[in-house]
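Contents: one structure, followed by commentary.
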Protein chains: 2
Amino acid sequence: MALEHALLVSLREQPASGLELAKRFSRSIGYFWHATHQQIYRVLARMDDDGWVTVTEVPQTGRPDKKVHAVTPLGERVLADWLATPTPMEPLRSELAVKMRGASYGDRAALLDVVRANLADHQIRLDHYRQLEKRHRADRDPARETLTDHALDQYLVLRGGIRIEEFWVDWLTEYLTAHEARLTR
Amino acid sequence: MALEHALLVSLREQPASGLELAKRFSRSIGYFWHATHQQIYRVLARMDDDGWVTVTEVPQTGRPDKKVHAVTPLGERVLADWLATPTPMEPLRSELAVKMRGASYGDRAALLDVVRANLADHQIRLDHYRQLEKRHRADRDPARETLTDHALDQYLVLRGGIRIEEFWVDWLTEYLTAHEARLTR
DNA sequence: GCTGTCATGTAACAGGTTACATGATTCG
DNA sequence: CGAATCATGTAACCTGTTACATGACAGC
C-alpha cells in the first residue's frame with residue numbers, strides 16, 4: 001500500500017492531474033516506482049474519498065478539463081506518519097535472474113541473447129541517468145551548499161537510479177563474460 | 001506469471017513438496033524471487049491440473065505425508081520455451097526510495113533512523129552471501145573448469161545477490177553521509 | 001483523412017498478502 | 001503441559017495489469 005504515499009510525495013512537490021502524475025511516474029519518481037494511469041485514477045479517487053486530497057476542476061482551452069489534486073492537511077499528516085514508520089527490507093524480484101539460474105534447462109544461446117537485450121536496455125537507461133546527473137551538476141556546482149534539503153534528496157535518489165543501473169550492467173556483463181569464455185574453449 | 005516458471009526451475013533441480021519449495025524460496029532462488037507457502041500450494045495445484053508436474057504422495061514416519069512434485073515432459077517444454085522468450089526490463093520498486101525522496105515532508109531524523117535500520121539489514125545479508133561465496137570458492141577453487149554449467153549459473157546468481165546488497169549498502173551509506181554532513185554544519 | 005496527444009474512466013482478470021484452520025509429533 | 005515444527009490447505013482481500021471506451025483537438 002505504497003502507491004498512495006508515492007502520490008502524496010509527488011502532489012506535495014506540485015499539485016497535478018492523474019495524467020500528469022502518470023507522466024511523472026515514468027520519469028523521476030519512476031526510478032523506483034511505477035504506475036499506470038488506470039491505477040493512479042483509482043487510487044486518487046480513494047484518496048479523495050478519504051480526504052487526503054482535494055480535487056479542483058480546471059477548464060482548459062482546446063483540450064479537456066483536468067482535475068487537479070492537492071494534498072490536504074490530513075494527507076500531510078498521513079504522509080508524515082508513513083515516513084516515520086520502518087520499511088521492511090524488500091527483496092528484489094527479477095524474472096531475468098530466474099532465467100539465468102535455470103539456463104541449463106533450455107537453449108543457452110537463446111538465453112544469452114535475452115540477457116544481451118536486457119544489458120543493452122539497462123545501458124541506455126544508465127546513459128540517460130548520467131546525462132541527468134551531468135545537467136544537475138552543471139546547474140549547481142560548485143555551490144553545493146545552496147541545495148535545499150529536498151533538492152539534495154532528489155539528487156540522491158537519482159544517484160540510486162544510477163547505481164542500480166550500474167548493478168545491472170556490471171552483473172549481466174559478468175554473466176555473459178563467464179559463459180562466453182566457456183563457449184570459445 | 002513467473003512463479004510457475006521459478007517453481008519449474010526449482011523442481012528440475014530436485015523434486016519437492018510445497019513446504020520444501022517454500023524453504024528454498026527463502027534461500028538460494030530467494031535472492032531474486034520470493035513466495036509464501038499459500039501461494040506455492042495454489043500454483044502447484046494449477047500446474048498439476050495443467051499437466052506440468054506429477055504429484056506422488058510419499059508416506060513418512062512420525063510426520064504427515066508429503067506430496068512430492070516432479071516436472072513432466074510437458075513442463076520441461078514449457079520451461080524451455082519460457083527461457084527463450086525475451087524478458088522486458090523490470091523497474092525496481094522500492095518503498096524506501098520513495099521515503100528518501102519525500103523526506104522533507106516528515107521528520108527527517110526519524111527517516112534517517114529508518115534508513116539506518118535498512119542499511120543494517122542489508123549489511124547482514126551481504127555478510128551472509130559473502131560467507132556462501134567463500135564456501136563455494138573453498139569447495140571448487142582452483143579447478144574452476146570442473147564446474148558444470150548449472151553450478152556456474154548458481155554461482156553467478158549468488159554473485160548477483162552479492163552485487164545487489166552492495167548496491168544497497170553503498171547507496172544508503174551515500175544518503176546517510178550526505179545528510180549527516182549537513183546536520184553537523 | 002489518419003495518427004498522436006490530452007484527458008478521464010470502466011471492467012475483468014491475474015498475482016500476491018494476510019488471517020485462519022487442521023492435525024500429528026517432537027522437545028523442553 | 002505448552003511450544004515449535006512438519007505438512008497442507010481455505011477464504012477474503014488488496015494490488016496491479018490488460019483491454020476497451022469516449023471525445024476533442026493538433027499536425028502531417
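Numbered from 1 within each chain, the chains take letters A, B, ... in sequence-line order.
In this model, the phosphate group of dG16(D) is not approached by any side-chain N or O of R93(A) to a distance below 4.0 Å at OP1 or OP2. Distances shown here put every side-chain N or O of R42(A) at or beyond 4.0 Å from the OP1 or OP2 atom of dT10(C). Y41(B) has a side-chain polar atom (N or O) that falls below the 4.0 Å cut-off from OP1 or OP2 of dT8(D). Between Q39(A) and dT17(D) there is a side-chain N or O to OP1 or OP2 distance below 4.0 Å. Proximity of S17(A) to the phosphate of dC6(C): no side-chain N or O atom is located under 4.0 Å from OP1 or OP2.
Ring centers of F25(A) and H37(A): at least 6.0 Å apart, outside the cut-off. The aromatic ring centroids of Y105(B) and H150(A) lie less than 6.0 Å from each other.
The CZ-C1' distance, from R46(B) to dT8(D), rounds to 18 Å in whole Å. In this structure, NE2 of H69(A) is placed 12 Å from C1' of dA7(C), rounded to the nearest angstrom. At whole-Å resolution of the value, CG in L19(B) and C1' in dA4(D) are 13 Å apart. Rounded to an integer number of Å, the gap from D65(A) CG to dC25(D) P is 12 Å. Following rounding to the nearest Å, E57(B) (CD) and dA7(D) (P) show an atom-to-atom distance of 13 Å.
Here the options are T173(B), L96(B), L119(B), the test is side-chain contact (heavy atoms from CB on, under 4.5 Å), and the partner is W168(B); only L96(B) passes.
Minimum atom distance to the side chain of K67(B) is reached by dT8(D), of the listed dT8(D), dA7(C), dT8(C). Ranking dT17(C), dG9(C), dT17(D) by closeness to the Q38(A) side chain, first place goes to dG9(C).
Nearest-nucleotide positions on DNA chain C place H37(A) closer to the 5' end than the other of H34(B) and H37(A).
For the pair E165(B) and R130(B), the salt-bridge criterion is not met [side-chain N within less than 4.0 Å of a carboxylate O].
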